[in-house]
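Input: a single structure, listed below in structure tokens.
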Amino acid sequence: MPVDPRFYRFGDPLTAGDIARRLGEKPAGDYSCTVTNISEPQEAGPNDLCFFDGKQRDWETFECRAGLCLVSNELDLGTHAPDNLIQTSVPRTSFFDLCHAWISEEAHKDTPPAIHASADVHETAFVSNGAAIGERTRIGPYAFIGPGVQIGRDCEISAHVSVRYALIGDRVRLQAGARIGEDGFGVVPTASGAMHVAHYGRAILQDGVSIGANSCVDRGLIQDTVVGENSKIDNLCHIGHNTIVGRNVLIAAYGGISGSVMIGDGVMMGGRVGIADHVSIGEGARLVADSGVMKDIPPGQTWAGSPAQPVLDWHRQTAWLAKQVRSRRG
């Protein structure tokens with residue numbers, strides 16, 4: 001979805017000509033085409049700017065509905081290329097350079113916070129302008145609630161928690177030291193090395209979610225990071241940017257979820273499970289403690305080991321290895 005105006009403010013609309021001049025490139029079509037927001041390429045509409053940095057084979061099946069899209073000048077666009085494209089050497093880097101100059105984070109600097117009369121906010125907590133705190137919600141000592149953050153009813157926000165760029169549902173529990181809505185590990189290549197880029201998505205915690213002490217839920221790069229209803233995340237866990245966690249998911253301590261992971265409803269993860277980026281975990285799957293997941297897991301299956309595999313295969317391999325060790329000793 002487009003960037004949430006509760007957290008960011010855009011400058012004046014940009015035309016294809018404006019963008020092309022800033023990048024030193026030439027648009028494929030009309031110089032006057034205008035964009036007012038940014039979006040992921042799959043979700044972009046006629047008023048959005050996006051980028052595409054996939055391979056040629058991905059481009060051949062990609063349908064871009066964005067107002068303007070930055071693409072690599074290495075792509076073969078064919079003789080009937082869409083006129084909503086601007087080719088550049090590194091689309092991702094160019095896109096975020098434009099965003100840095102175009103988007104600010106002062107959307108609510110003059111709007112006082114809206115705190116319900118029944119909410120209990122500790123005198124040392126800080127609630128920023130534009131934030132909203134719902135009925136009977138408690139905010140603990142030294143907690144920080146960032147600009148524009150929305151927190152629902154009957155929530156418990158413990159001491160030293162920080163919440164930024166986030167929408168929090170009802171009955172959400174954030175234990176001490178949790179960090180919600182910080183930047184993820186988003187970097188782009190540049191001539192001088194890797195460069196960190198600002199994130200423009202949100203962190204969304206739905207009703208009944210629990211986040212353990214000192215755990216982190218990063219906000220999305222452009223799209224949202226979402227933790228579904230009634231999911232429970234233990235202490236010292238990390239949820240990477242753009243990850244979608246389903247409903248009633250259980251993640252034990254030290255869980256490390258990379259960016260853009262899809263986790264289905266009812267998944268259960270033991271302690272110290274790690275999941276690589278862009279992996280999908282099917283509904284009802286179970287991951288044994290210490291599993292290292294490198295590929296998609298089908299619904300309902302139990303996997304173990306590193307790299308993770310179906311649990312019976314893992315048991316057989318472990319038993320075979322133990323037998324080999326005993327035979328060598330003997």
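Everything numeric in this text was worked out from a predicted model, so none of it was measured.
- In summary, the aromatic rings of Tyr8 and Tyr165 are positioned with their centroids under 6.0 Å apart.
- Using cut-offs of 30° and 60° for the angle between ring planes, the His160 and Tyr142 rings count as parallel.
- For Asp120 and Arg138, the salt-bridge test fails: no basic side-chain N is under 4.0 Å from an acidic carboxylate O.
- A side-chain donor-acceptor contact under 3.5 Å links Thr318 to the backbone of Trp314.
- Looking only at side-chain heavy atoms (C-beta outward), Val71 and Ile86 stay at 4.5 Å or farther from each other.
- Under a 3.5 Å cut-off, the side chain of Ser118 and the backbone N or O of Arg136 do form a donor-acceptor pair.
- Under the 3.5 Å distance criterion, the side-chain polar atoms of Gln206 are matched with a main-chain donor or acceptor of Glu229.
- Ion pair Glu182/Arg164 flagged as a salt bridge, since at least one NZ, NE, NH1 or NH2 atom sits closer than 4.0 Å to an Asp/Glu carboxylate oxygen.
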Under 3.5 Å, which donor-acceptor pairs link side chains of residues 247-260 to any protein atom two or more places apart or in another chain?
{"unit_1": "Asn248", "atom_1": "OD1", "unit_2": "Asn230", "atom_2": "ND2", "d": "2.9"}
{"unit_1": "Ser258", "atom_1": "OG", "unit_2": "Ile275", "atom_2": "O", "d": "2.7"}

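- Remark: the backbone N or O of Ala213 is paired with a side-chain donor or acceptor of Asn235 at under 3.5 angstrom.
- Using a distance-only test at 3.5 Å, with no hydrogens or angles considered, a donor-acceptor pair links the side chain of Asn242 to the main chain of Leu221.
- For Asp183 and Arg219, the salt-bridge test passes: some basic side-chain N is under 4.0 Å from an acidic carboxylate O.
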Residues Thr15, Asp18; criterion side chain to side chain donor-acceptor pair (under 3.5 Å); working and verdict: CA-CA 5 Å; Thr15 67; Asp18 295 331; 3.1 Å; yes

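- Side-chain contact between Leu70 and Leu98 is present, with heavy atoms from C-beta onward closer than 4.5 Å.
- Here Phe185 sits alone; no ILVMFWY side chain lies under 4.5 Å from its own, so it joins no hydrophobic cluster.
- Arg173 places none of its side-chain heavy atoms less than 4.5 Å from the side chain of Ile211.
- Taking each heavy atom of Gly152 and Asp170 in turn, the nearest pair found is CA-OD1, 3.4 Å.
- The environment of NE2 in His196 is crowded: more than 12 heavy-atom neighbours from other residues, nucleotides or ligands sit within 6.0 Å.
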side-chain contact (heavy atoms from CB on, under 4.5 Å) assessment of Ile151 paired with Val172: CA-CA 9 Å; Ile151 298 179; Val172 171; over 6 Å; no

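- Between Arg171 and Asp154, no side-chain nitrogen of the basic residue sits less than 4.0 Å from a carboxylate oxygen of the acidic one, so the salt-bridge criterion is not met.
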